[in-house]
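We name chains A, B, ... by the order of the sequence lines, and we start the count at 1 in each one.
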Number of protein chains: 2
Amino acid sequence: MARRAKAEKSLNVKQVRDAEATQALILAAAQEEFAQHGLTAARTEAIAAKTGVAKSMIYYYFKDKEGLYQAVLERSHSNLLQTTLQLDLAHLSPEAALEKFLTALLNCVSHNPKLPMIMFHEAVQNQGQYYKRSSSLSIDRTLVEILERGTATGAFRQLDPFQSAINIMGTCLFYFIGMGNIKHYPQGKRLLSKAMLEQHSQEAIALILAGVRKV
Amino acid sequence: MARRAKAEKSLNVKQVRDAEATQALILAAAQEEFAQHGLTAARTEAIAAKTGVAKSMIYYYFKDKEGLYQAVLERSHSNLLQTTLQLDLAHLSPEAALEKFLTALLNCVSHNPKLPMIMFHEAVQNQGQYYKRSSSLSIDRTLVEILERGTATGAFRQLDPFQSAINIMGTCLFYFIGMGNIKHYPQGKRLLSKAMLEQHSQEAIALILAGVRKV
DNA sequence: CAATCAACTGACAAGTCTGTCGATTACTGC
DNA sequence: GCAGTAATCGACAGACTTGTCAGTTGATTG
């Protein structure tokens, strides 16, 4: 009831029945729920409650909980995937390519901070079943290639591209995954504020670029 | 039945009833289950099945699922906590202190690769409730202090100690968290083999030390 | 404006999971 | 070797969850 009723009232929209809007509402609520709890521990009841539509609509549009989960995974990743694939990094120097890649990656996750949590749950609970099938691994492959190029040309120090790619992804994404623990620091800053996200991006890029550069 | 029976047979032990051994067995199985599934999605039935003792023993020794969860958290963290607190880093240069800290941290998690997963279920699902109460945050505080000292003395470049501490932890721990996804890479290496763990530690330390050093 | 269809609902059947309890079996001290 | 106690088990009650279904309501169209 909550969101939909409010939206309709404030916008004075007549359309009470809108299949697409309802699906979008469910997907948004589901992304939150799955991000926090993962597939198994997520409750369809809770998702329905967040949207304000009846629980049965989940089954009407997405068949079952797993269908909804798949939809959320695809929807969450598509933006990141598209962005990284469109980067056109081949003509840049390894260092410039790396910076461009990291900027794009950090920008994506800053705008969709739930994504790393979802990835994490998929990795830990479902052993990355989805990634096995999907093309999501191509993100990391792009990074590995940059690093390979950089070590080959001598722009980067002698590092293992595979291991380093993992560690670099960790530097970028850990902030979002560890949020729940991090926020208990005395600091008491809002970790998802625009300023903090911006700072995190800058710090991560600086750390990584300095970390791979030849000494 | 499985493990216990086998152990007794091979060791020819008479003692079929051993409160401590049973608790240890349960804790070990629970650690695995909670690492993979988190508190809510973990199944007491599954834990019992792994141990070979009746499910009711969980309730006998740990009161309920949450009691067992708490016990697992405490047990899993104690080693890491003790190790990092005993390091005595004050008399070392920032760079040496950082290297010593990272070596200890990576050594700990390499010997207990489930720990990062548990930490992050706690962060994501339970919003770090446990860390709020426990002294686990002191690990990160240690790291922040090293970084503060390094920037103050000019040994490290101008970085934000808080943000960088998070990013550094990410570099060290992401490998273990992302395992489920990472393993689908063409490489096809065993990520938990001694050689790979050793390589990860070296690569992570190298990346971080290079990343913080003054240019 | 009536008929049709898609969107939507609430109640519920069936299954799963936790936590309890009485009964049973191994150890321990007398 | 007997009595008492601690450890263990299996079955089950009760709560919670998923997914279904028959029925209702709002839009659309000839």
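Mapping A:A42 and B:M57 onto DNA chain D by nearest heavy atom places B:M57 closer to the 5' end of the strand.
Listed by chain and residue number, A:L81, A:L85 satisfy the side-chain contact (heavy atoms from CB on, under 4.5 Å) test with A:S138 (two or more places apart in sequence, or in another chain). Residues passing the ring-ring contact (aromatic ring centres under 6.0 Å, His included) test with B:H77 are B:Y130, B:Y131, sequence neighbours excluded. Under the side-chain contact (heavy atoms from CB on, under 4.5 Å) criterion, B:A24 pairs with no residue, sequence neighbours left out. Qualifying side-chain contact (heavy atoms from CB on, under 4.5 Å) partners for A:A165, counting only residues two or more places apart in sequence or in other chains: A:L143, A:V144, A:L147. Contacts of A:Q202 classified as side chain to side chain donor-acceptor pair (under 3.5 Å), with partners at least two apart in sequence or in another chain: A:E198.
Atom CG in A:L68 sits about 10 Å away from atom P in D:dG19, given to the nearest Å. Rounded to whole angstrom, the span from the CZ atom of A:F62 across to the C1' atom of C:dA7 amounts to 14 Å. The CD-C1' distance, from A:E45 to C:dT9, rounds to 13 Å in whole Å. When rounded to the nearest whole Å, the span between CD1 of A:I58 and P of C:dC8 equals 13 Å. In this structure, the CD atom of B:E20 is 17 Å from the C1' atom of D:dT8, given to the nearest Å. Rounding to whole angstrom units, CG of residue A:D18 and C1' of D:dT28 are separated by 15 Å. What separates CZ of A:R43 from C1' of D:dG19 is a distance of 14 Å, to the nearest Å. We find that OH of A:Y61 is positioned 17 Å from P of D:dT20, with the value rounded to whole Å.
A:E33 and A:K50 are joined by a salt bridge, as a carboxylate oxygen and a charged side-chain nitrogen come within less than 4.0 angstrom of each other.
Side-chain atoms of A:A54 lie closest to C:dG10 of the nucleotides D:dT8, C:dC27, C:dG10. Listed nucleotides: D:dT18, D:dA7, C:dT18. Nearest to the side chain of B:A19: D:dA7.
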Contact list (N/O, under 3.5 angstrom) for nucleotides 19-24 of chain C vs protein:
unit_1: C:dG19; atom_1: OP2; unit_2: B:Y59; atom_2: OH; d: 3.2
unit_1: C:dG19; atom_1: OP2; unit_2: B:K65; atom_2: N; d: 3.2
unit_1: C:dG19; atom_1: N7; unit_2: B:K55; atom_2: NZ; d: 3.2
unit_1: C:dG19; atom_1: O6; unit_2: B:K55; atom_2: NZ; d: 2.6

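Taking the six-membered ring for Trp and the full ring otherwise, the centers of A:H121 and B:H121 sit less than 6.0 Å from each other.
The shortest distance between the side-chain N/O atoms of A:Y60 and the OP1/OP2 oxygens of C:dA7 is below 4.0 Å. Contact check, A:T22 against C:dA7: no side-chain N or O comes under 4.0 Å of OP1 or OP2.
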